[in-house]
Student: 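Take a look at the following structure, please.
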Amino acid sequence: MPNPPRKLRVVLAEDSVLLREGLIGLLTRFGHEVVAAAGDADGLREAVAAHDPDIVVTDVRMPPGFQDEGLRAAVALRAERPALPVLVLSQYVQRSYAADLLDSGDGTGVGYLLKDRVGQVEEFVEALTQVAGGGTVVDPEVVRQLLRRHRDPLEALTPREREVLGLVAEGHSNGEIARRLVVTEAAVGKHIGNILAKLDLPQAEDTHRRVLAVLTYLRA
Amino acid sequence: MEPRNPWQALTRSRFPLGPWPWRAAGYLATGGLVGALACLVLLVLGVFSLLLVGLPLLLLSGLALGSVERLRLRLVDLDPAPDPHRVPTAPGLTAWLRLRVGEQATWRELGHGLLLATVLWPLDLIALAVGVGLPLALLGTPLQLAADGHEAKAVKAYLVTSYPEAFAAALLGALLLVALAYPLAAVAGARAALARALLAPRDTDAGDARIGEVIASRARLVDAFEAERRRIERDLHDGAQQRLVALTMTLGLARLDAPPGPLAEQLAKAHAEAGQVLTELRELIHGIHPQVLADYGLGAALADAADRSAVPVDTDVDLPRLPASVESAGYFVACEALANIGKHSGAAQARITARYADGVLRLDVEDDGRGAADPARGTGLTGLADRIAVLDGTLTIMSPPGGPTVLRVEIPCRTLRESSASSSPRTASSSVRD
């Protein structure tokens, strides 16, 4: 794992008391610390200003309007501090939300997960750690839905390459992708090299190009 | 047939003995009274108008005077003069005011009010003075003489000193009272006709109002339907869904702590099932009313509908934010069309095109399937066509055998930016949530 386990200081925004308490319990169980828990978008901003957390975990729909206040707050926070990792929990599989989030800041250290995913406690905490470490995690459900569509920039990719890109978007490392597809890590590296070439992404630091590939994939 | 107004009564032989002269006199007398009062009020309001606060009050005074005048009209006009105004479609003072300002009847009433307060009431009083005051003054001459004992001034002009002279004047008064009843009734009739022309509903008003009422009630039904959809969506989202998430979280934690064995297996099964229910519930909530429609509008919602379609869909969508009812109708038509394409058309590819131009939303859903789609067979599309008709829009299906099929929606509307000055759908939708 690229990120050694460390104790994360989390600011949590969730208006449902039931879920808020549950999430606090869950994160504590895995050794993290919820330094503040807010019930609305304003509370979230104040908590971030006051505690300077390692990561923000927020709901999309929150008071007062019960629209996308949580997501807006997350995007605004990342406009102020592009390096602040944010994990957004949503009740919807919708790429508009994911795209807004991925466009914020420098596109790294963000996650968009379905709320269902917190039930898979270990996967959820793993995603949290990845986002806190600067990774990009998009819910497999969103990725899967997008895979079903024909999209021009991705037309050039082979089915296997698309599969690999999908797993990259879900935030997996090359080793994990190799394990899942039952191929060698070198083969995964080659696929990714092909993907980056076909998507015409500039030569730069490798992890950043991975993120760009994911962004292309999601916006296509 | 009994006369219904002073003009009809004038031609009857027993006119002077009937109630009509008295009705005409009563009408003119109250007209003078009301007009004088209106004049006073208007003068006061005119002063306030300089401070702007008087302007809406001026409008209100026109409305109030209009209803008083319609009431008064019954004195000389037996045909009913109903209220020409429409019933507001929404509660609240703002909606009422907006409706009234937009109605012709309101301005006719104000015009009549101004006319009454300036010109008509003095004329009423002059007619009354000549038609009733003069004969009565002559009739009263003998009494005047008796009271004074020596002399009396008939009509303040002609000196009378003896009873024969006085009775002659009284006789003249009686004759004049009968004779002048005719022109008096004619004047009252003219006044009533003028009032009716300005204050009663016109044929176009009545027709428009009735059709407007039907359209408005249909639109209210659709709005209520939409609000109910949102309420159900919100209740599921804030209630059942949150609890289920909490439940799967608890089960997930319990699995971690459970020692391997039958208990862990049972927990794993329960956990998987709870997850399944969550997925189904999520799809259900989305089908009721997708949140992306409220947050990002029709364009993004169409892209998401395309993402979900079983048949690959190209989208070419460029839309501003439109009123919630329009966005919702367009979205559900597109979803229904995509579902039909998936089920019946055998198409390999579909395409959604949506544009807003010249005050019209135009949305096309095309497919390369076998065509010959018959909207009469599916209830889904006819129901949606009704919803679009309520918005003054049209739903057209072009589907020759062999394809391609094009389903076109056209809805006239204003963008949210254009209409935000007069109303705020965001506010409307949030009040629905309260």
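Note: hydrogens, waters and symmetry copies are ignored here, and every other heavy atom, side chains too, is used. Just so we're on the same page: letters track the sequence lines, and every chain starts at 1.
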Student: Need one label for B:Leu251: side chain, backbone, both or neither, based on atoms under 4.5 Å from any heavy atom in chain A.
Tutor: neither
Student: Side chains of B:Tyr296 and A:Asp100: is there a donor and an acceptor less than 3.5 Å apart?
Tutor: yes
Student: Could you check if a side-chain atom of A:Asp68 sits within less than 4.5 angstrom of a side-chain atom of B:Gln291, using non-hydrogen atoms only?
Tutor: no
Student: Is the shortest side-chain heavy-atom distance between A:Gln120 and B:Thr248 below 4.5 Å?
Tutor: no
Student: Select, from A:Arg117, A:Glu21, A:Arg72, the one with the greatest count of heavy-atom pairs under 4.5 Å involving chain B.
Tutor: A:Arg72
Student: Measure across B:Leu253 and A:Arg29 and return the closest heavy-atom pair with its distance rounded to 0.1 Å.
Tutor: CD2-CG, 3.7 Å
Student: Hey, which of B:Met249, B:Arg243, B:Gln241 is the one that makes side chain to side chain contact (heavy atoms under 4.5 Å, CB included) with A:Leu19?
Tutor: B:Met249
Student: Side chain, backbone, both or neither: which part of A:Phe124 has a non-hydrogen atom closer than 4.5 Å to chain B?
Tutor: neither
Student: Tell me, for A:Leu114 versus chain B, whether the close heavy atoms (under 4.5 Å) come from the side chain, the backbone, both or neither.
Tutor: side chain
Student: Determine whether B:Gln242 and A:Glu14 make a side-chain contact, defined as any pair of heavy atoms from C-beta on separated by less than 4.5 Å.
Tutor: yes
Student: Report the option among B:Leu256, B:Leu247, B:Asp238 that has the most heavy-atom pairs separated by less than 4.5 Å from atoms of chain A.
Tutor: B:Leu256
Student: Is A:Glu141 close to B:Arg282 at the side-chain level, that is, under 4.5 Å between some pair of heavy atoms?
Tutor: yes
Student: Counting only non-hydrogen atoms closer than 4.5 Å, does B:His271 touch chain A with its backbone (N, CA, C, O), its side chain (CB onward), both, or neither?
Tutor: side chain
Student: Check whether more than 12 heavy atoms from other residues, nucleotides or ligands sit under 6.0 Å from atom CD of B:Gln266, and answer yes or no.
Tutor: no
Student: Do A:Arg61 and B:Arg234 make a side-chain contact, defined as non-hydrogen atoms from C-beta onward lying under 4.5 Å apart?
Tutor: yes
Student: Less than 4.5 Å to any heavy atom of chain A: does that hold for the side chain of B:Thr250, its backbone, both, or neither?
Tutor: neither
Student: At what distance, to the nearest 0.5 angstrom, does CG of B:Asp295 lie from CZ of A:Phe66?
Tutor: 13.0 Å
